[in-house]
Every structure is written in C-alpha cells, then in structure tokens.
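Input: a single structure, listed below in structure tokens.
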Amino acid sequence: MQSIDHSVAYILNHYPKVSHTFIRREILELERRGFRIVRFAMRGWKDHLVDPDDLAEVNRTSFVLKAGATGLACACAMILARSPRKFISAAWLAAKMMRGSDRLAIWHLIYLAEACWITRQLKKYQIGHLHAHFGTNPAEVALLVAVLANVSYSFTVHGPEEFDKVHSIHLAKKVERAAFVVAISSFCRSQIYRVIAHQLWSKVKVVHCGVDDAFGGGDRLEVPRSNRLVCVGRLCEQKGQLLLIEAVRDLAGDGRDFKVVLVGDGELRHELEEMIARYNLERYVEITGWASAERVKREIFSAQAVVLPSFAEGLPLALIEAMAMGRPVITTFVNGIPELVVDGKTGWLFPAGSKSDIVTAIRSCLDAPRELLEEMARNGRERVLQRHDLSRQAELLAGLFSSELGVCRDNTRNGRRAISSSPDEQQVCQTC
C-alpha cells in the first residue's frame, strides 16, 4: 500500500476513553493504510483503563494539559515572540468565539493556550493537516492551531450535543474555515446544513463510524432464548434509562421472567439505583458499572436483544456493535438511528419518550419466535457490514485526507511554500 508522505494530527478532548473506541479504530485503520497519525488530547492520561488497546494508546498520545499552567503560558509567550501576527490573529479569533458562547471567556483563552502548546509540538512532525473529533472545543482548538501553524483542518460532528448549541459553539464559523467536515450520518449532515450557507454544503461529507468485519464473529448469530436484555451506554438523561426502569416496572407486573442489564456508569446511577429499590426491581434490573470492551461483548452475546431507549443520539456505537454481533435491537426513532435500524427487519423501533411503546416493543421481543430473532440477527449484521465496515469508511476518510494533503504537495512543487520566520513555524503551503 502506498505510503502517505505527510502526517495528520488528531486533536481530541479526552482520549483514550472507553466510549471512544470508534476513534481508536479509525486512527489505527488509517495508520494501517500508511498515514502517520499524531495524537493530541487535552486529558486522559490519568484515567483508569482496562482495555489493552486503550492502554497502548496512552503511550502514543501527547496530553496538552499535562504541561500545566506554566507550560501553556510559556508556549503562548514563545508564539507571541516569534510569530506575533499569527498569535494576534488567533487571539482575535478566540475573542470572537467568546461572543454568545455558553462558556466563560477564560475557557476560550485556555483553548488558545492549548493551541499554542500544540503548535509548538508540531515542529517535531511534518504535519500537513489537522483533524478534530466533535464540533465543540476540539474543533475550536484545531481552528486556532490551523491559524498559528498555517495548516488546514477538518473535524467530525457527531451530535446531539453540537446541535443543542450550534450558535454558542459557532459551528457555522468552524465549518466555514474548515477544509471539510465529516458527519457521521445523513441526519447529522442535515443539521449542519441548517446552520451554514448553501454554498458551503459541499464541504460536508458523510463517513460512518466503523466496526471490523470480525467484531462479532459470524459463528455466533444464534440468538439465545435468555429473556435477557442489555442496555449499553452512559447512565445519563439522554439515554432514557429512567423511562426504561418505568417500563420494567410495568413488565414485572405481568409476572414475566426477564432481566435488564444496564452496562455503564454515569451521573444518573444513584437515581437509577434508588428507583430500582423503590419499585422492588432488584430481581429484574442489574447495573454493572463501567465495563471493559470484552465484558461489553460478553453481555451482548448473552442477550436476546439490546435495548436503547434514547431521547437524543448521534448514531450510537452500542447499536452498531450489537447488530454486528448478531443481536436484534430495541430502540427509538431519533436522529440517525432509523438510517441503521429497520423496524421489523433488524429490531423494533418505537417513539422516544413513550413508556407504553417501550413496553410493547419489549413484549414483542420476549414473545418473538426464534426464527424471527435469528432473521433479525442476520439482517442486522448484514446491514452494519454494508454501512459501517471499518475498512470502507476509513477509505472514504483517507481519500479526504489524501486530497487535502495533495493540495499541499502540489502547491509546494509550484514554489508556493510559506517562509517561516522561525524554526517553530511549520513550512507548509499557504493555501493550507
């Protein structure tokens, strides 16, 4: 496979992280294709991680906030002294980001300091392009680094958080200045279209989160008749677990023998535990807390179906992985989910927020004949491997990066290379 002669820097807020395995897969697949991916994360080095792949990523990642206040201040002073015009341009842009922001002004100054620190680190690499995951502060830091280092940048939008505050995070401004923007679903793309000018629509490209073909193993599509339902995700308001417990209470009144396992942890755990105790549902509900990737797989393989009653989502990895592993899913008609889940074919879809519809969907699953469950398992796995094959999605992203890096190479050959005023400024083409 032909090697790419430029590096791409990934800018992330928190990495590695249990819930960000899709980013790790993406990075490793791009590296397999010959890209050199330089990882920058604001935080994550202190996390308790159990997955060996996540632990390996810690050693491959440069952590910005590990430099401390002194390190960030020194980086700002160095950039100001050696590249005053670029620093002033970046500072002016950070000031613009303060207007209408949902964060205090000090945060945008911190983002500027983080950008200065990353820019100082770039002298170690031949960075041709920056890419951030999420349209919130990682995209802002990438934008500021792009100004300071004179390189191009792009970012991936996931939702739903970005769409809850498109104006306060200045999403349109970030898209306007980006080389391109990745949306993880067609719905996600449509929400970006809403806030940008029509002439910028061509910048928005759909690239799905990917899973390996071997992720679930094709030999385990036989769905167990376990009456065990698994819900994987952070315990928080948007995932809808409180409503799920209300539904479990109604189902328990039917005298059914079943169990719901909540795999994950989060800010709602205490409230969920109180609700389970108040309704005497300890027999029916289990909370595992944070789990390793292997534990999550075991829980999904033991389940008759995976249930996710979300109120808001991007396109949840838990559903993608469950379907790849050959399990029907029970979930809601929100955001990008109906692009993946086909009601009656790969699982059950129901309106978000409706307890009666959750109850009906779960009853249908528990009563479904084995033949229907296994047909759903086959359909679901086939659909995921069609739409979310890691190799195919990484190829799309690689093409976008290669196209942008090619602009840099072409302009360099034509002699239009920016002349740096110091060794700390990256000598890359002015169009980047």
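What's counted below: heavy atoms across the whole structure, side chains too, no hydrogens, waters or symmetry copies.
Not a single donor-acceptor pair under 3.5 Å links the side chain of Gln241 to the backbone N or O of Pro309. A side-chain donor-acceptor contact under 3.5 Å links Thr360 to the backbone of Ser356. Gln304 places a side-chain N or O within donor-acceptor distance of the main-chain N or O of Asn227, the cut-off being under 3.5 Å. Distance alone, capped at 3.5 Å, is enough to place a donor-acceptor pair between the Thr332 side chain and the Ser310 backbone. Side chain of Lys174 to main chain of Ile169: a donor-acceptor pair is present (N/O by atom type, distance under 3.5 Å, no hydrogens or angles). Side-chain N or O atoms of Glu162 include one that pairs as donor or acceptor with a backbone N or O of Gly135 at under 3.5 Å. Looking only at distances, a side-chain donor or acceptor of Arg327 sits under 3.5 Å from a matching main-chain atom of Phe301. At distances below 3.5 Å, not a single donor-acceptor pair connects side-chain atoms of Arg43 with backbone N or O atoms of Tyr15. Looking at Asp54, its side chain never comes within 3.5 Å of a backbone N or O of Leu49 through a donor-acceptor pair. His170 places a side-chain N or O within donor-acceptor distance of the main-chain N or O of Met97, the cut-off being under 3.5 Å.
Comment: Arg392 does not engage Glu395 in a salt bridge, judged by the lack of any side-chain N to carboxylate O separation of less than 4.0 angstrom. The pair Glu29-Arg32 counts as a salt bridge, with a side-chain nitrogen and a carboxylate oxygen less than 4.0 angstrom apart. Using a 4.0 Å cut-off between a side-chain N of Lys or Arg and a carboxylate O of Asp or Glu, Glu282 and Lys259 do not qualify as a salt bridge. Salt-bridge check for Arg363 with Asp250: failed, with every basic side-chain N at 4.0 Å or more from each acidic carboxylate O. Here Arg378 does not pair with Glu382 in a salt bridge; the nearest charged N to carboxylate O distance is not below 4.0 Å. Taking the charged nitrogens against the carboxylate oxygens, Arg269 and Glu273 do have a contact shorter than 4.0 Å, which makes a salt bridge. Residues Glu176 and Lys203 are not paired through a salt bridge, judged by the lack of any N-O separation under 4.0 Å between the basic side chain and the carboxylate. The pair Glu274-Arg278 does not count as a salt bridge, with every side-chain nitrogen at least 4.0 angstrom from each carboxylate oxygen. Between Glu267 and Arg234 there is a salt bridge, since a side-chain N of the basic residue sits under 4.0 Å from a carboxylate O of the acidic one. Contact check on Glu31 versus Arg39 returns a salt bridge, with a Lys/Arg side-chain nitrogen under 4.0 Å from an Asp/Glu carboxylate oxygen.
How far NE2 of His131 is from CD1 of Ile23: 8.5 Å, rounded to the nearest 0.5 Å. Taking CG of Leu349 as the start and CG of Asp343 as the end, the distance is 5.0 Å to the nearest 0.5 Å. Expressed to the nearest 0.5 Å, how far CG of Leu93 lies from CG of Leu143 amounts to 5.0 Å. Rounded to the nearest 0.5 angstrom, Leu397 CG and Ser154 OG are separated by 7.5 Å. Between the CD atom in Glu339 and the CZ atom in Arg387 there is a gap of 6.0 Å [rounded to 0.5 Å]. Annotation: the span from Ile118 atom CD1 to Ile127 atom CD1 amounts to 10.5 Å, rounded to 0.5 Å.
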Please determine whether salt bridge (Lys or Arg N to Asp or Glu O under 4.0 Å) holds for the pair Lys239 and Glu313, giving the CA-CA distance in whole Å, both sets of side-chain angles, and the decisive distance to 0.1 Å.
CA-CA 8 Å; Lys239 296 293 183 182; Glu313 282 288 358; 2.6 Å; yes
Would Leu308 and Val329 count as a side-chain contact (heavy atoms from CB on, under 4.5 Å) here? Give the steps.
CA-CA 8 Å; Leu308 193 62; Val329 295; over 6 Å; no
Going through the distances and angles, do Phe155 and Val182 end up as a side-chain contact (heavy atoms from CB on, under 4.5 Å)?
CA-CA 6 Å; Phe155 61 99; Val182 172; over 6 Å; no
Check the pair Phe258, Tyr284 against ring pair (Phe, Tyr, Trp, His ring centres under 6.0 Å), reporting the backbone distance first and the verdict last.
CA-CA 6 Å; Phe258 71 98; Tyr284 297 96; 5.2 Å; yes
Hey, mind stepping through Asn13 and His133 against side-chain hydrogen bond (donor to acceptor under 3.5 Å, both in side chains) and telling me if it holds?
CA-CA 8 Å; Asn13 187 36; His133 264 277; over 6 Å; no
Could you give me the CA-CA distance, side-chain angles and deciding distance for Glu286 and Arg228, then say whether side-chain contact (heavy atoms from CB on, under 4.5 Å) is met?
CA-CA 11 Å; Glu286 174 189 346; Arg228 184 181 178 91; 4.2 Å; yes
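Side-chain contact of Ser186 with Arg189: a donor-acceptor pair under 3.5 Å is present, judged by distance alone. For Arg33 and Ser391, the side-chain atoms include at least one donor-acceptor pair closer than 3.5 Å. When only modelled atom types and interatomic distance are considered, Arg383 and Thr346 share no side-chain donor-acceptor pair under 3.5 Å. With no hydrogens or angles considered, a side-chain donor-acceptor pair links Asp47 and His14 at under 3.5 Å.
Within the 4.5 Å cutoff, no side-chain heavy atoms of Val261 are placed close to those of Val285. Between Arg36 and Tyr125 there is a side-chain heavy-atom pair separated by less than 4.5 Å. Put simply, the side chain of Phe40 does not reach to within 4.5 Å of the side chain of Glu114, judged on heavy atoms. Using a 4.5 Å heavy-atom cutoff, the side chains of Leu229 and Ile362 are in contact. The shortest distance between side-chain heavy atoms of Leu400 and Glu404 does not fall below 4.5 Å. In this structure, Met275 and Glu246 have side chains that are in contact, with non-hydrogen atoms separated by less than 4.5 Å. For the pair Thr136/Lys165, a side-chain contact is recorded, criterion being any heavy-atom separation below 4.5 Å from C-beta on. Residues Asn335 and Cys188 fail the side-chain proximity criterion, which asks for heavy atoms closer than 4.5 Å.
Between Phe180 and His129, the two ring planes are parallel [angle under 30°; tilted spans 30° to 60°]. Between His388 and His208, the angle of the ring planes lies from 30° to 60°, which puts this pair in the tilted group. Ring-plane geometry between Phe401 and Phe35 is classed as perpendicular, the angle between the planes exceeding 60 degrees on a 0 to 90 degree scale with a lower cut at 30. Between Phe63 and Trp45, the ring planes lie tilted relative to each other; the angle falls in the 30° to 60° range. In this pair, His108 and Tyr111 present their aromatic rings perpendicular. The plane angle is above 60°, beyond the 30 to 60° band.
Looking at every heavy atom in both residues, Pro351 comes nearest to Phe333 through N-CD1, 3.9 Å. Between Phe22 and Cys209, the shortest heavy-atom contact is CD1-SG, 3.9 Å. Residues Ala90 and Leu144 approach most closely at O-CD2, 3.5 Å, considering heavy atoms. The minimum heavy-atom distance linking Ala183 with Val204 is given by the pair CB-CG1, 4.1 Å. Summarising the geometry of Ala139 relative to Tyr153, their closest heavy-atom pair is O-CE1, 4.2 Å, with the distance given to 0.1 Å. Scanning all heavy atoms of the two residues, the minimum distance from Glu237 to Phe311 falls at O-CD1, 3.2 Å.
Cation-pi geometry between Arg99 and Trp92 is met: the NZ or CZ atom falls under 6.0 Å from the ring centre, inside 45° of the normal.
In this structure, Trp107 places its CH2 atom where only 12 or fewer heavy-atom neighbours from other residues, nucleotides or ligands lie under 6.0 Å away.
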